[in-house]
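Everything on this sheet refers to the single structure shown next.
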Protein chains: 2
Amino acid sequence: MAGRSQRKTADPVTSPPLADFKVGVDNVIFSVDTAQNRLLVLLVMRQEDPFLGHWSFPGTLVQQGESLEDAAYRILSEKIRVRNLYLEQLYTFGGPDRDPREAADSYGVRYLSVSYFALVRFAEAELIADGVSGIAWYPVDQVPQLAFDHNRILEYGHRRLRNKLEYSPVAFEVLPELFTLSDLYQLYTTVLGDGFSDYSNFRSRLLKLGFLEDTGIKVSRGAGRPASLYRFDAEAFAPFKDKPLVFI
Amino acid sequence: MAGRSQRKTADPVTSPPLADFKVGVDNVIFSVDTAQNRLLVLLVMRQEDPFLGHWSFPGTLVQQGESLEDAAYRILSEKIRVRNLYLEQLYTFGGPDRDPREAADSYGVRYLSVSYFALVRFAEAELIADGVSGIAWYPVDQVPQLAFDHNRILEYGHRRLRNKLEYSPVAFEVLPELFTLSDLYQLYTTVLGDGFSDYSNFRSRLLKLGFLEDTGIKVSRGAGRPASLYRFDAEAFAPFKDKPLVFI
DNA sequence: GTATTTTTGGTTTTTTTGACTATAATTAGG
DNA sequence: CCTAATTATAGTCAAAAAAACCAAAAATAC
């Protein structure tokens, strides 16, 4: 109640009082486990109030001189070691009353969250469990009640994943370097539902485009004929950039 | 240089100093003038420092107790009277050094901008010119040097417009209530370029889908056979929601 | 050793696209 | 008033793509 926020009623001519913000960055990090065929998100257990002991997305407050993206990379690299990373801004949540600290803080400081959307390869991602802090991959359909408005952020992230999967080759950012065509097909079906072409047509259209390189390596997973491992060829994909993905 | 920002080197154990933010909202408002066949964006002349006298997007700083979207609607309704409005969040720009006030302010306050993307109907949009303030529609390809990083924001907005035109029926948010098929086709060509089907095929595929209602009203614009005015039928469009737009 | 499962490589039918032609209804200009 | 130019509209037809379907190969399961 003290300090600058009291200027609100001081003078009716001057503009109404501005809000003061702290800005946080939260990362929605997706991956897929091709062995179990599950879509995963990374959650961490909060170590501090508010929401101590609740699961949440890895986040941090932005420091002086630090850009939003820098903050996103910083918190990400504290939680996970990866070789490859896809990262883009997701959405900004900034309504009043989205953070309990606002009520507690006598200055009336607001807390705004700029969320980021990230994709990593499951096998290449090494989680950093520092002591007591919990960190774990959760199947997206089994995510518990999260801290803050993070369940809503997850909805945004999930929708973005669906859209990006349809319109750009991000599938190859979450799949392992080498993958079978079944892996790819199952990723699409689990995320997008099975409203598109059957496996056979999916295969033939995809291979005709010519940006998947057959390594010749065969892998056998349970029953059935062994599958070839494929590799995504980014150069060969270039002509299809900015065009709709025709194989789904 | 004074005050809290000096805590950075005070104690290596406590966390580094957080940035304090003011949060602004900037609206990128598009429209089309079907008579002139031009894509327009709304600019206002800045009345204050910094960048006094420069063109910029209508923006404001977020007030206490106000949500981001509320702020976007507030500044929009101060500049323009509209019956219909499409509005969604665009992107958040928050790097250090994006606002000259940061350097001037001894507290080291950061200025973050949450941009919003809006579409209005040209004929229904009444600009509010209050006294000396400049306000005008600019063709997007003739936008001058803008204040802050607003030229970059325009790029984001323009890209978003292209994407949304391809994947959702936002065309009918910028076109007049009643429009000819040429109006629609020309909107697509001016925004997307003419890399898609010719006018004849565009017409037949579009009409076959059945969500454009022919009012029977004929309008004559210069030479040539008069065209029918059509109306977008949102209910009839419902089945195509979330599906790719096949007529472009 | 036989059945089952999964990958792989096709064929055929249907639908959609793209290129093109023709006609109708207006204005422009002499 | 007559003719040419212009724009809207309607439709055909071949090529391409999509969807549905079929069958063999190569492994595991039992």
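Quick caveat, the model's predicted, so the values are computed rather than measured. Protein chains get the first letters and strands the later ones, always in sequence-line order, with residue 1 at the start of each.
- Helix bend of the helix from dG1(C)-dC30(D) to dG30(C)-dC1(D): the angle between its two end axes, each built from five pairs, comes to 20° after rounding to 10°.
- Residues Tyr138(A) and Gln142(A) share a closest heavy-atom pair of CD2-O, 3.6 Å.
- Taking the six-membered ring where tryptophan is involved, the planes of Phe57(B) and His150(B) are essentially parallel, since the angle between them stays under 30° and well short of 60°.
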(message) At under 4.0 Å between heavy atoms, how does the protein contact nucleotides 20-28 of chain D? Give one character per nucleotide, 5' to 3', with B, S or -.
(response) BB---BBBS
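- The aromatic rings of Phe172(B) and Phe211(B) sit perpendicular, their planes meeting at an angle over 60°, well past the 30° parallel limit.
- Ring pair Phe93(A)/Phe148(A): centre-to-centre distance not below 6.0 Å.
- Rounded to a whole Å, the CG atom of Leu184(A) is 12 Å from the P atom of dT7(C).
- The distance from atom NZ of Lys243(B) to atom C1' of dT16(C) is 16 Å, rounded to the nearest whole Å.
- Ser182(B) comes within contact range of the sugar-phosphate backbone alone, with a heavy-atom separation under 4.0 Å but no base atom that close.
- With Ser31(B) contributing its side chain and Leu40(B) its backbone, the two residues share no donor-acceptor pair below 3.5 Å.
- Here the closest non-hydrogen pair linking Ser56(A) and Arg46(A) is OG-CG, 3.4 Å.
- Using a 30° and 60° split on the angle between ring planes, Phe240(A) and Phe237(A) fall in the tilted class, from 30° to 60°.
- Of all non-hydrogen atoms in Gly59(A) and Asp26(A), the two that sit nearest each other are CA-OD1, 3.4 Å.
- Ring to ring, Phe232(B) and Tyr230(B) are not that close: their centroids are 6.0 angstrom or more apart.
- Rounding to whole angstrom units, CD1 of residue Ile248(A) and P of dA19(D) are separated by 10 Å.
- Using a distance-only test at 3.5 Å, with no hydrogens or angles considered, a donor-acceptor pair links the side chain of Asn151(B) to the main chain of Pro144(B).
- Within residues 202-218 of chain B, the residues that place at least one heavy atom under 4.0 Å from DNA chain D are, in residue-number order, Arg203(B).
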